[in-house]
Asks: 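Let me begin by handing over the structure; questions about it come next.
Treat the numbers as computed from the prediction; the structure is a model and nothing was measured.
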Amino acid sequence: MSDLAAAEVTRINAASQRYFERTELRDYWLSKPFSDRGQAGWHLWRFGLLLSGLDPGPADRILDFGCGTGWTSHMLARTGAAVVGMDISTHALELARESAAAWGKSPEGAYPRFEHFAGDRIPAPDQYFDFAVVFDALHHVPNPRSVLCELHRVLSPHGRLGFAEPGIGHAGAEISAAETGHGILEQDVDLERLFLTARAAGFEDVEFFVTGIHPHTLTLSMPRVRWFLRGLSWLVPANFTRLGLLTAPIGIIRKGPYRVTSIHPRSHRALVRPAPVSVASRAACEFDLVVHVTNPTDTAWLREGWRGRGRVRVGAHLLSNEKKLLELDYGRADLPEDLPASRSARVTLHLKAPVSPGRYFVRVDMVNEGICWFEQERSGVADVGLDVTVAGRV
């Protein structure tokens, strides 16, 4: 995917601006995605797949790039995330603001915000967004390499760019010819070129969803379902899946090295093994507790999170001899490095013994800062006996 010449970029962007000045299509645009009954389900299905893959939440910031008249921005805002819709057309954004008022506020009490993209630099600070979404828009962009570089810039270190695009064959379709007549750029999105362009822009990897089959293409009667489930795989030709990838690619472009991180975790589960089963300390004195931790999940534990979330640490609580909670958050210790799946680390907790002699327990757990203690998600913990003696005695 290459950028067109500067003059051609300017011409296409101006045509996109004029396209949304057509007053006869106003009701059509305000009714999207339901304005085209034959395509509404298709658009919602693809958007739903993309949303499932991204899984944003109320703590996130999302850029909806190439939002047009904003229906995807409204849908994203229903997750509670802070959404900024952005488009080259100021007229499209006026319609987006109008429809936003009709959709109403998100569950968090906010509307999506809409901002103009002038065609070169995205008006946002570095690493501002957690997610970016480009839904049926990248194939209209005359400078995709530059835009992907900008999207990389404004995404957080572990940010993800979700895309859904028409693929091979789109540029030659009848509807594309009609749009081209209005000066709109219509081009195919080739998987290999998208991958190479994303890597050149600084992204780590591209993951393409293996989508289902459109019901207009194939359905199975119940007898055929039975045979398919019994192993007759040829009843669902693999070429249908290949064509889905080629002609309607959906996926995620990752900025960071991990598919899933503790910023947006799929699981909170840990194996915690203290090196000693019991320790001793003088009253009010400092002591160390060595712990071995293993990550058995597909969620990479980050040593450094982002905006107060996703930093995984070893934590401890102080319990009485009867295992009643005496001190929540008795101590914490950093991981030496990120811990991806199946990786282990040795961590030392630096703690201070209670002032009163006696028998105690130190409960060792993991904590995902800004999200939860792992025990709250039913992960296992480890209790270490702590014998506290009077000062001067061991």
Side-chain angles (χ1 to χ4, degrees), residues 20 26-36 39-117 122-125 127-138 140-141 147 150-151 153-156 158-165 209 250-253 255 263-265 306-310 370-371:
F20 284 98
R26 171 186 166 81
D27 291 341
Y28 177 88
W29 286 322
L30 287 174
S31 299
K32 291 186 75 173
F34 300 102
S35 46
D36 187 339
Q39 293 293 313
W42 171 248
H43 292 317
L44 290 170
W45 177 64
R46 293 170 66 237
F47 183 79
L49 286 173
L50 183 57
L51 190 62
S52 296
L54 290 173
D55 194 26
D60 295 315
R61 299 170 179 169
I62 304 177
L63 170 64
D64 186 11
F65 184 83
C67 68
T69 54
W71 74 266
T72 50
S73 301
H74 309 320
M75 298 286 279
L76 290 166
R78 308 314 289 181
T79 68
V83 178
V84 176
M86 195 169 291
D87 200 87
I88 193 75
S89 170
T90 55
H91 294 278
L93 295 177
E94 289 173 5
L95 292 170
R97 294 185 185 100
E98 182 178 339
S99 60
W103 278 68
K105 294 182 178 180
S106 73
E108 300 299 311
Y111 293 100
R113 191 171 82 250
F114 295 99
E115 295 187 9
H116 181 238
F117 173 64
I122 292 175
Q127 303 183 346
Y128 182 81
F129 293 102
D130 302 292
F131 296 101
V133 170
V134 183
F135 189 85
D136 280 349
L138 191 60
H140 294 310
V141 173
V147 164
E150 274 295 281
L151 289 169
R153 178 185 67 81
V154 299
L155 279 171
S156 62
H158 295 278
R160 295 189 288 172
L161 165 60
F163 65 90
E165 292 292 327
F209 299 171
I250 306 174
I252 291 174
I253 306 177
K255 184 171 180 177
I263 299 174
H264 296 94
W306 188 249
R307 295 199 349 252
R309 300 168 63 238
I371 298 179

Asks: Between Glu150 and Arg153, does at least one N-O distance fall below 4.0 Å, as a salt bridge requires?
Replies: yes

Asks: Considering only heavy atoms from C-beta outward, does the side chain of Leu95 approach that of Leu30 to under 4.5 Å?
Replies: yes

Asks: For the pair Arg307 and Arg61, evaluate side-chain contact (heavy atoms from CB on, under 4.5 Å) and give the outcome as yes or no after the intermediate values.
Replies: CA-CA 11 Å; Arg307 295 199 349 252; Arg61 299 170 179 169; 3.7 Å; yes

Asks: Under the side chain to side chain contact (heavy atoms under 4.5 Å, CB included) test against Thr72, which residue among Ile62, Asp64, Leu51, Leu50 passes?
Replies: Asp64

Asks: Would you check, one step at a time, whether the test side-chain contact (heavy atoms from CB on, under 4.5 Å) holds for Lys255 with Gln127?
Replies: CA-CA 11 Å; Lys255 184 171 180 177; Gln127 303 183 346; 4.2 Å; yes

Asks: Start with the C-alpha gap between Tyr128 and Leu63, add the side-chain angles, then the distance that decides, and say whether side-chain contact (heavy atoms from CB on, under 4.5 Å) holds.
Replies: CA-CA 9 Å; Tyr128 182 81; Leu63 170 64; over 6 Å; no

Asks: Between Asp130 and Ala59, which heavy-atom pair has the shortest distance, and what is it?
Replies: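 Looking at all heavy atoms of both residues, the closest pair is OD2-O, 4.1 Å.
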
Asks: Please identify each residue that fulfils side chain to side chain contact (heavy atoms under 4.5 Å, CB included) with Leu161, with sequence neighbours left out.
Replies: Ala132, Val134, Leu148, Leu151, Leu155, Phe203, Ile253

Asks: So how far is it from Arg160 CZ to Asp55 CG, rounded to the nearest 0.5 Å?
Replies: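 Rounded to the nearest 0.5 Å, the CZ-CG separation comes to 7.5 Å.
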
Asks: Mind listing the closest non-hydrogen atom pair of Val154 and Ala124 along with its distance?
Replies: CG1-O, 4.0 Å

Asks: With side chains defined as the heavy atoms from C-beta onward, is the minimum distance between Trp71 and Leu44 less than 4.5 Å?
Replies: yes

Asks: Give, for atom CD of Glu115 and atom CG of Leu93, the distance between the pair rounded to the nearest 0.5 Å.
Replies: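 Reported to 0.5 Å precision, the distance equals 9.5 Å.
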
Asks: Under the ring-ring contact (aromatic ring centres under 6.0 Å, His included) rule, collect the residues that match up with Phe20, sequence neighbours excluded.
Replies: Trp29

Asks: Do Phe65 and Ile122 come close enough that some side-chain heavy atom pair is under 4.5 Å?
Replies: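 Sidechains of Ile122 and Phe65: in contact.
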
Asks: Strictly by salt bridge (Lys or Arg N to Asp or Glu O under 4.0 Å), give each pair with a member in residues 41-50 just once, sequence neighbours left out.
Replies: Arg46-Asp136

Asks: Locate the shortest heavy-atom distance separating Trp306 from Ser156; write the atom from each residue and the value.
Replies: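 Answer, listing the atom of Trp306 first, then Ser156: NE1-CB, 3.2 Å.
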
Asks: Is a side-chain donor-acceptor pair under 3.5 Å present for Asp60 with His264?
Replies: yes

Asks: Measure from the side-chain N and O atoms of Ser31 to the backbone N and O of Tyr28, and report whether any donor-acceptor pair falls under 3.5 Å.
Replies: no

Asks: So, for Gly85 and Ser73, which heavy atoms are closest and what is the spacing to 0.1 Å?
Replies: CA-OG, 3.6 Å

Asks: Under the side-chain contact (heavy atoms from CB on, under 4.5 Å) rule, what do Phe114 and Cys67 come out as? Steps first, then yes or no, please.
Replies: CA-CA 9 Å; Phe114 295 99; Cys67 68; 4.0 Å; yes

Asks: How long is the straight-line distance from CE of Met75 back to CZ of Phe135, given to the nearest 0.5 Å?
Replies: 9.5 Å

Asks: Could you check whether any side-chain N or O of Arg309 sits under 3.5 Å from a backbone N or O of Ile263, counting only pairs where one atom can act as donor and the other as acceptor?
Replies: yes

Asks: Is the side chain of His116 donor-acceptor paired with the backbone N or O of Ser89 at a distance under 3.5 Å, no angle test?
Replies: no

Asks: For Ala77 and Pro112, which heavy atoms make the closest approach, and how far apart are they?
Replies: CB-CD, 4.0 Å

